[in-house]
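Since the structure is predicted, the reported quantities are computational estimates derived from the model, not experimental observations.
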Amino acid sequence: EARFEFVEIWHKDVLEFSKKYTIEPIIKKLQELNIKIASMKVLNNWFLNDNSTELINLASQIGSEIIVTKLIPDEYSGKKIELNHCIERYNDLLKICEQKNVKPAIEFMALAKYMNKIDDVYEILKKTSGNNKCLVLDTWHLWRNDDFKFTKFMNSIMNMDISWAGIVHFTDAAKNIPREMQKDG
């Protein structure tokens with residue numbers, strides 16, 4: 001009704017609805033309003049060895065072009081995940097998603113203990129194969145890990161292969177809370 005052409009949907013809402021009812025009413029309503037799903041958020045624990053494909057299947061059924069995939073969730077406090085593990089896991093995810101016609105876009109989390117920078121995502125994308133690899137550029141996460149002049153971001157963005165840009169999140173921040181004290185949301 002607001003005349004959006006694309007929206008991002010939250011997996012929890014769609015999962016809850018689909019378990020109570022079915023996914024068909026959502027698909028029908030989207031078709032009636034001529035709205036496409038740009039992305040579904042979020043596959044939380046893939047890089048932590050969660051092999052569930054339920055959300056990938058749901059993203060495919062609903063016609064989402066992208067499934068946002070957290071690199072390491074902010075709240076994760078387990079042992080460090082190594083880069084080579086992430087590369088292997090992302091290669092596996094790319095194969096699964098290709099069969100479902102969904103692109104898995106990696107989003108780094110600024111407040112994660114490690115693997116919390118855009119350059120970590122770049123390293124994974126450089127070392128994986130496939131046409132559907134991509135990332136989420138989230139302004140809040142970039143801003144939270146930067147300096148006040150956005151210097152790190154400017155340096156990092158110069159190293160990005162433009163074909164990796166799957167989706168951009170423009171997120172705001174609270175004006176009255178210092179950057180170093182900000183939390184996501």
Side-chain angles (χ1 to χ4, degrees), residues 1-78 81 85-112 115-116 121 124-125 128-142 163-172 183-185:
E1 293 171 351
R3 298 192 180 154
F4 287 113
E5 293 178 29
F6 292 89
V7 294
E8 178 174 73
I9 58 174
W10 286 85
H11 71 285
K12 289 179 183 177
D13 298 331
V14 177
L15 264 177
E16 185 179 313
F17 186 88
S18 69
K19 286 180 179 178
K20 274 186 176 175
Y21 311 101
T22 66
I23 198 73
E24 283 73 25
I26 296 174
I27 295 169
K28 185 178 177 189
K29 190 64 173 177
L30 290 166
Q31 289 170 343
E32 284 174 15
L33 296 171
N34 199 27
I35 295 175
K36 293 180 177 52
I37 305 298
S39 63
M40 187 165 91
K41 189 166 181 160
V42 58
L43 190 59
N44 273 319
N45 297 310
W46 184 262
F47 293 100
L48 303 177
N49 296 322
D50 179 353
N51 291 318
S52 172
T53 58
E54 181 180 27
L55 292 179
I56 299 166
N57 292 335
L58 193 57
S60 177
Q61 286 177 322
I62 206 161
S64 180
E65 295 179 17
I66 290 174
I67 186 163
V68 175
T69 308
K70 284 186 182 180
L71 183 51
I72 304 293
D74 290 338
E75 64 278 0
Y76 177 71
S77 61
I81 307 297
H85 172 80
C86 293
I87 293 166
E88 288 175 28
R89 293 294 294 163
Y90 193 58
N91 269 322
D92 292 343
L93 184 60
L94 283 164
K95 289 174 190 166
I96 293 166
C97 286
E98 187 174 0
Q99 294 171 356
K100 300 291 183 179
N101 203 27
V102 177
K103 291 181 179 181
I106 303 174
E107 181 175 17
F108 77 94
M109 301 287 109
L111 301 178
M115 302 291 279
N116 60 4
V121 177
I124 294 167
L125 294 176
T128 52
S129 57
N131 296 327
N132 290 331
K133 60 185 180 180
C134 63
L135 58 82
V136 176
L137 286 174
D138 186 307
T139 58
W140 188 87
H141 292 288
L142 291 163
S163 70
W164 294 343
I167 192 165
V168 178
H169 286 163
F170 288 97
T171 313
D172 60 358
K183 302 276 189 216
D184 195 2

Got a second to check how far Trp46's CH2 is from Asp92's CG, nearest 0.5 Å?
6.5 Å
Inter-residue atom distance Leu33.CG - Lys28.NZ, 0.5 Å rounding
12.0 Å
Could you state the interatomic distance from CG (Leu30) to CD1 (Ile23), rounded to the nearest 0.5 Å?
9.0 Å
Verdict with reasoning, Lys12 to Leu15, per side-chain contact (heavy atoms from CB on, under 4.5 Å):
CA-CA 5 Å; Lys12 289 179 183 177; Leu15 264 177; 5.8 Å; no
Between CZ of Arg89 and CG of Leu48, what distance do you get to the nearest 0.5 Å?
9.0 Å
Residue pair Arg3 / Asn34, side-chain donor-acceptor N/O under 3.5 Å:
no
Atom pairs and distances, donor-acceptor, side-chain atoms in residues 133-140, under 3.5 Å, two or more places apart:
unit_1: Lys133; atom_1: NZ; unit_2: Leu125; atom_2: O; d: 2.5
unit_1: Lys133; atom_1: NZ; unit_2: Thr128; atom_2: O; d: 2.7
unit_1: Asp138; atom_1: OD1; unit_2: Trp140; atom_2: N; d: 2.8
unit_1: Asp138; atom_1: OD1; unit_2: His141; atom_2: N; d: 3.4
unit_1: Asp138; atom_1: OD1; unit_2: Thr171; atom_2: OG1; d: 3.4
unit_1: Asp138; atom_1: OD2; unit_2: His169; atom_2: ND1; d: 3.3
unit_1: Thr139; atom_1: OG1; unit_2: His169; atom_2: O; d: 3.3
unit_1: Thr139; atom_1: OG1; unit_2: Thr171; atom_2: N; d: 2.8
unit_1: Thr139; atom_1: OG1; unit_2: Thr171; atom_2: O; d: 3.2

Has Glu32 got more than 12 heavy atoms of other residues, nucleotides or ligands less than 6.0 Å from its CD?
yes
Roughly how far, to the nearest 0.5 Å, is the CD1 atom of Ile26 from the CD1 atom of Ile37?
8.5 Å
Can you list, pair by pair, the side-chain donor-acceptor contacts under 3.5 Å of residues 63-78, counting residues two or more places apart and other chains?
unit_1: Ser64; atom_1: OG; unit_2: Met40; atom_2: N; d: 3.2
unit_1: Ser64; atom_1: OG; unit_2: Ile66; atom_2: N; d: 3.4
unit_1: Ser64; atom_1: OG; unit_2: Ile66; atom_2: O; d: 2.6
unit_1: Thr69; atom_1: OG1; unit_2: Ile67; atom_2: O; d: 3.3
unit_1: Lys70; atom_1: NZ; unit_2: Asn44; atom_2: OD1; d: 3.3
unit_1: Asp74; atom_1: OD1; unit_2: Leu111; atom_2: N; d: 3.3
unit_1: Asp74; atom_1: OD1; unit_2: Ala112; atom_2: N; d: 3.2
unit_1: Tyr76; atom_1: OH; unit_2: Lys79; atom_2: N; d: 3.3
unit_1: Tyr76; atom_1: OH; unit_2: Lys79; atom_2: O; d: 2.9

Nearest-0.5 Å distance that lies between atom NE2 in His85 and atom OH in Tyr90
14.5 Å
Name each donor-acceptor pair under 3.5 Å that joins a side chain in residues 93-108 to protein atoms two or more places apart or in another chain, with its distance.
unit_1: Lys100; atom_1: NZ; unit_2: Asn57; atom_2: OD1; d: 3.1
unit_1: Glu107; atom_1: OE1; unit_2: Lys41; atom_2: NZ; d: 3.2

Answer yes or no: does atom CZ of Phe17 have more than 12 heavy-atom neighbours from other residues, nucleotides or ligands under 6.0 Å?
yes
Other residues, nucleotides and ligands only: do more than 12 of their heavy atoms fall within 6.0 Å of CG on Asn131?
no
